[in-house]
Amino acid sequence: MRGIELLRSRPRLFAGLLAVVDLANDPVEVHDYLASFEPPVIDFGFPHGTHDDPPHRNDPGVPEYGLWMSSVYDAWLNRPDHQHSVRMLEDIVALSSGVRSSVETLGLAPPTSVVIESDGSIEGVDTLRSVEEGATRLGLDVFDDSFDAALRHPKLQHRQQEGTAALAEECRSCPLVAVCGGGYLPHRFSTDRGYRNTSTRKCCGRWTSITAVLRC
């Protein structure tokens, strides 16, 4: 709390708040509590998980993550005095209008980001560490290798395919695939099929939050 208050006292440094969706907590209460700090942006993320080790769900037959975010969407719109943005929801609106997403978790554009470690190593984005040991290690560094070489690395080729080519068949035929993007890459992984799977949420988390925005 003290850290947030310090940031609030320095608005130029207060970029926003990041929160991971927890189904055990009420989405409206979480949103309104975070909004009480008057951040410019609230960024919600889904917990990482793969098909081998999926994230918690109370009922696999219910679109729990999507319903959670839909409640956030309603809470966000129902208060005209709110001045903050909710990045995931704004990106969904942008993508549905043909604008490129600001994050790699949505849309079909191939990611172009890598991570530079303190020793100069070039690695894949750190969320891939949730997939398997060594998933981010490329064996490259800024002293001897280029960023283009990193993006061409075999370990990252599954990220660089444009459009729906790398997606599961179920996702390729989905009318909202241009917005959803087939689910975030780490959430599609399984040992048996690599990344050619639906999201661990079987689209339910995406479908509900996307349609909540598109129906307006």
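Positions are given from 1, in the same order as the sequence printed here. What's counted below: heavy atoms across the whole structure, side chains too, no hydrogens, waters or symmetry copies.
Residues Pro47 and Tyr65 form a side-chain contact, since some pair of their non-hydrogen atoms from C-beta on lies under 4.5 Å apart. Considering only heavy atoms from C-beta on, Leu34 comes within 4.5 Å of Phe44 through its side chain. A 4.5 Å side-chain heavy-atom check between Asp141 and Asp119 finds every atom pair outside the cut-off. Val72 places none of its side-chain heavy atoms less than 4.5 Å from the side chain of Val28. Residues Asn58 and Leu23 are in side-chain contact: their nearest non-hydrogen atoms beyond the backbone lie under 4.5 Å apart.
Linking ILVMFWY side-chain heavy atoms closer than 4.5 Å, directly or via other members, places Val142 and Leu156 in a single hydrophobic cluster.
The main-chain N or O of Asp59 is found under 3.5 Å from a side-chain atom of Glu64 such that the two form a donor-acceptor pair.
Evaluation of the side chain to side chain contact (heavy atoms under 4.5 Å, CB included) rule for Leu167 yields Leu108, Thr164, Cys171, Arg172, Val177, Arg188 as partners, not counting sequence neighbours. Remark: Phe14 pairs with no residue by the ring pair (Phe, Tyr, Trp, His ring centres under 6.0 Å) rule, at least two apart or across chains. Here Asp52 pairs with Thr191 under the side chain to side chain donor-acceptor pair (under 3.5 Å) rule; sequence neighbours left out. Residues satisfying the ring pair (Phe, Tyr, Trp, His ring centres under 6.0 Å) criterion with Tyr33, sequence neighbours excluded, are Phe37. Looking at residues two or more places apart in sequence or on another chain, you find a side chain to side chain donor-acceptor pair (under 3.5 Å) between Glu133 and Arg137.
Taking both residues in full, the closest heavy atoms of Ala35 and His84 are given as CB-CE1, 3.5 Å, listed atom of the first, atom of the second, then distance. Summarising the geometry of Trp68 relative to Asp22, their closest heavy-atom pair is NE1-O, 3.3 Å, with the distance given to 0.1 Å. In plain terms, the two heavy atoms of Ser113 and Val125 that are nearest each other are OG-CG1, 3.4 Å.
Relative orientation of the His48 and Tyr184 rings is tilted, given thresholds of 30° and 60° on the angle between their planes. Classification of the His31-His82 ring pair by plane angle, with boundaries at 30° and 60°, yields perpendicular.
Each salt bridge (charged side-chain N to carboxylate O under 4.0 Å, His left out) pair with one or both residues in residues 84-102, not counting sequence neighbours, appears once here: Asp43-Arg87.
Checked for salt-bridge contact, Arg2 and Glu5 miss the test: no charged N lies under 4.0 Å from a carboxylate O.
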- Determine, stepwise, if the pair Ile122 / Ile116 fulfils side-chain contact (heavy atoms from CB on, under 4.5 Å). CA-CA 5 Å; Ile122 303 174; Ile116 309 301; 3.9 Å; yes

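Atom CG of Asp148 sits about 11.5 Å away from atom CG of Asp145, to the nearest 0.5 Å.
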